[in-house]
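See structure below.
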There are 2 protein chains.
Amino acid sequence: MDTRALSVFLSVADTLNFSRSGEMLHLSVSAVSRTVQRLEDELGQPLLERDNRSVRLTSAGREFREYARRSLAEWQQLRRKLGTDAELAGEVSLYCSVTASYRVLAPILESFRQSHPAVEIMMHTGDQADGIGRILGGQDDIAVSGHPAQLARRLDFLPLLESPLEFCAPTADCAVRDVIEGKNTAAPDFDWEAVPFIVPERGVTKDILDAWFRERGIRPRIYAQVAGHEAIVAMVSLGLGVGIAPQLVIDASGLSGSVSNIEVSERLPPLSIGLCSLRRRLASPLVKSLWDVAGQTYGVPV
Amino acid sequence: MDTRALSVFLSVADTLNFSRSGEMLHLSVSAVSRTVQRLEDELGQPLLERDNRSVRLTSAGREFREYARRSLAEWQQLRRKLGTDAELAGEVSLYCSVTASYRVLAPILESFRQSHPAVEIMMHTGDQADGIGRILGGQDDIAVSGHPAQLARRLDFLPLLESPLEFCAPTADCAVRDVIEGKNTAAPDFDWEAVPFIVPERGVTKDILDAWFRERGIRPRIYAQVAGHEAIVAMVSLGLGVGIAPQLVIDASGLSGSVSNIEVSERLPPLSIGLCSLRRRLASPLVKSLWDVAGQTYGVPV
DNA sequence: TACTTTACTTGCGTAAAACGCTATATAAGT
DNA sequence: ACTTATATAGCGTTTTACGCAAGTAAAGTA
């Protein structure tokens, strides 16, 4: 019997719901189920009565809950007393886009720095689209990413903020401007196929844009596929085409003067931006604490 | 942190000796060492001060010992309270020779039966020499065996009794008897090479006998190699040769009238008979409890 | 009645943790 | 100097725990 099992049991005894407890503990449902089973094996008695629809505490379960609370409290008290509660130290590896590094991560890290000065942050920047891959590949602990349509179950996603996805065009007088100038781009019948597009090479925003085109039967003229929204905005500002990017990136680029948003008949869905991590990694108190600080910083219930 | 770690720590805090605790807990020294290390990691503080020669409790260690005692007591109290302390139930698999089954095991099982009526005993009998192999192969949990010269470290041996290893010859008038009759077999220069021997095919007693012959430069005439001391005694009683067997087996054979011991210049070392099991298996409360009962039955400190 | 939803359990392959063995280090006894 | 006693560290193996996917069963819905 270990303290981890106690925590799991207490959570389930509290929520009376294996799935919800799993989420809260960053564990799969089956892990929760088996942890309880192991406890019951060890005690030789069922602690929870469950009938595929509801969960109730047995009387042994109620008794065990009392014990578990006491025992866990004593353990934690001891940890604190022994000076420990080990000031968290170690290394957390982050991956994000350049924009996210100072528009999303900076406020988080600022407060994290204060509460956990001994933790070293390793930050890697690059195309936001690569974030999920790097998490799955174990190269980084946490990535800032848009919420993908399909989230692998061993991943956990903590939404922090939303940013509208915007079409944008160069403001300068140029060939691209001419195709748009004076026309009603918001009209359903606007001829998008005449416009050179600069689109993301891969990732969540590429998927969203592809879907948008497909739903409208538009076969866009792709001028360039680019890795990274920052680069898209830069290319748009140079007059090479019309692009899309989260408003956040446009604002942060310092190029908002050279780029202007285009009205469209039906806007792209806003991009949900947040943290992404392997559930497993979230078991680490280090990673978990950064995750928690992020949630608090953005006022999200974790 | 789990209860197992607490037990290990308490044992070490008590003995102040990793090796001895390892033995008592049926764990290797390194397992004990690392269990303590893990605890210290988790608490962020050394609990034991150790300098290759002595072990002392640190002040954190003393505090932790208090906690560990309390916590473990509460846990065990709860287990008892929940009706459990699960009346041990399950299955223990034993291997032994026919003789051992009623001369060694019977008194153990008698008292084990009383204290653990719900445990099923699976007994397999055969050549005593195979016992250790069957334990190593995982076919049985516990074997009754002679103590081998080299005991694999993952095995644990609990000596229960000793029995002298005896040379024996048929009492009936026969060719074999003629070779011995009237001669002084105890004389150092007795001609053993004229005697047909019936020897164990393999196992501890074969090794002992081989060594005995080798040390005296005797090249015995082997009439038969036989699996099982019982069979050796039977063959001897039929007048086929001179054999060796533990006195225990001769006594139990019912053939002691047809077989008589032979004096020799230097006797074979007595055979230490006891239980043998994989350390790992001894972690199972079932196996451990049988082991303990055996120790008590024979008045051996376990 | 049949489909869908919800929620726990189970089989299976994989990943992490724990263990034992061997080797190593260090101090004490001979 | 050699042996003994004791703890630790590297390494391969075993055991345990986990996530996923499939299964099951009750309750809601059409």
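Chain letters run A, B, ... following the sequence lines, proteins first, then strands; residues in each count from 1. All values derive from a computational prediction rather than experimental measurement.
Following rounding to the nearest Å, A:L27 (CG) and C:dA16 (P) show an atom-to-atom distance of 15 Å. Remark: C1' of C:dA7 and CD of A:E49 are 16 Å apart, rounded to the nearest angstrom. One can place CZ of B:R20 at 14 Å from C1' of D:dA7, the figure rounded to the nearest angstrom. Rounded to whole Å, atom C1' of D:dT16 lies 13 Å from atom CD of A:E42. As a whole-Å value, the separation of B:F18 CZ from D:dA7 C1' is 7 Å. The interatomic distance linking B:L155 (CG) with C:dC19 (P) rounds to 18 Å, in whole Å.
Nearest-nucleotide mapping onto DNA chain D: of B:R34 and B:S19, the residue sitting toward the 5' end is B:S19.
Under 3.5 Å, the side chain of A:R281 and the base of D:dG19 form no donor-acceptor pair of N or O atoms. Looking at A:S30, its side chain comes within 3.5 Å of the base of D:dC20 through a donor and an acceptor atom.
To the nearest 0.5 Å, atom CZ of residue B:F157 and atom CG of residue B:L275 are 7.5 Å apart.
The existence of a salt bridge linking B:R50 and B:E40 is confirmed by a sub-4.0 Å separation between a basic side-chain nitrogen and an acidic carboxylate oxygen. A salt bridge does not link B:D156 to B:R281: none of the charged side-chain nitrogens sits closer than 4.0 Å to a carboxylate oxygen.
The backbone N or O of B:S11 sits less than 3.5 Å from a side-chain atom of B:S21, completing a donor-acceptor pair.
Looking at heavy-atom distances under 4.0 Å, A:T35 makes contact with sugar-phosphate atoms alone, never a base. As judged by a 4.0 angstrom heavy-atom cut-off over every strand, A:V32 is placed among residues making no nucleic acid contact.
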- Residue pair A:D2, B:R4: steps toward the salt bridge (charged side-chain N to carboxylate O under 4.0 Å, His left out) verdict: CA-CA 8 Å; A:D2 61 49; B:R4 196 167 168 66; over 6 Å; no
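Distances shorter than 4.0 Å separate none of the side-chain N or O atoms of A:R279 from OP1 or OP2 on D:dC18. In this model, the phosphate group of C:dC8 is not approached by any side-chain N or O of A:Q37 to a distance below 4.0 Å at OP1 or OP2. Between B:N17 and D:dA7 there is a side-chain N or O to OP1 or OP2 distance below 4.0 Å. A:R38 has a side-chain polar atom (N or O) that falls below the 4.0 Å cut-off from OP1 or OP2 of D:dC18.
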